[in-house]
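Positions are given from 1 along the sequence. What you see is a predicted model; the values in this text were computed from it and never measured.
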Amino acid sequence: QVQLVESGGGLVQAGGSLRLSCAASGRTFSSYAMGWFRPAPGKEREFVAAISGSGTNTYYADSVKGRFTISRDNAKNTVYLQMNSLKPEDTAVYYCAADMMNSDYFISPDNWGQGTQVTVSS
């Protein structure tokens, strides 16, 4: 089990940037993949981005590719989501999640943070 705490959300104008952080406690952080999710119509949560335990491999939803960057600092037990060129449709609560059963790929989340609100005004 791991506790995840997000921060960095807020209100920003369209075209602006935000950086979300997710701090983890518990097991060795570098041993598992991490991801970011947000709610979507018809889904409880949709995949946004993921990163392997080592930080070598990253994965993105088509809707954010080229605008968002996921990274991690294993020395600080923290994963980040840099969001650039934000659009009103990016408005959502963003959740970080851990897949503690996998390191190289994010397959299924088994721990969730409480979420942080991102609001993009037009």
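Using a 4.5 Å cut-off on side-chain heavy atoms (C-beta onward), Lys76 and Phe29 make no contact.
Side-chain heavy atoms closer than 4.5 Å link hydrophobic residues (I, L, V, M, F, W, Y) into clusters, and following such links, even through other members, never connects Val2 to Tyr80. Linking Ile, Leu, Val, Met, Phe, Trp and Tyr residues whenever their side-chain heavy atoms come within less than 4.5 Å places Tyr60 and Val48 in a single cluster. Linking Ile, Leu, Val, Met, Phe, Trp and Tyr residues whenever their side-chain heavy atoms come within less than 4.5 Å places Phe68 and Trp36 in a single cluster. Residues Tyr95 and Val118 do not share a hydrophobic cluster, clusters being chains of Ile/Leu/Val/Met/Phe/Trp/Tyr side chains in contact below 4.5 Å. Note: the hydrophobic cluster containing Leu81 also contains Leu4 (ILVMFWY, side chain heavy atoms under 4.5 Å, direct or indirect links).
Considering every non-hydrogen atom in both Ala33 and Ser103, the closest pair reads CB-O, 3.8 Å.
Rounded to the nearest 0.5 angstrom, Met34 CE and Ile51 CD1 are separated by 9.5 Å. One distance of note links CG of Leu20 with CD1 of Ile70; it measures 10.0 Å at 0.5 Å rounding.
With respect to Met83, the side-chain contact (heavy atoms from CB on, under 4.5 Å) criterion is satisfied by exactly one of Val12, Thr69, Leu18: Leu18.
In this pair, Phe37 and Trp112 present their aromatic rings perpendicular. The plane angle is above 60°, beyond the 30 to 60° band.
Side chain of Glu6 to main chain of Cys22: no donor-acceptor pair is present (N/O by atom type, distance under 3.5 Å, no hydrogens or angles).
Side chains of Tyr94 and Arg38: a donor-acceptor N/O pair is present below 3.5 angstrom, by distance only. For the 3.5 Å distance criterion, the side chains of Thr56 and Ser54 qualify, holding a donor opposite an acceptor.
Taking the charged nitrogens against the carboxylate oxygens, Asp90 and Lys87 have no contact shorter than 4.0 Å, which rules out a salt bridge.
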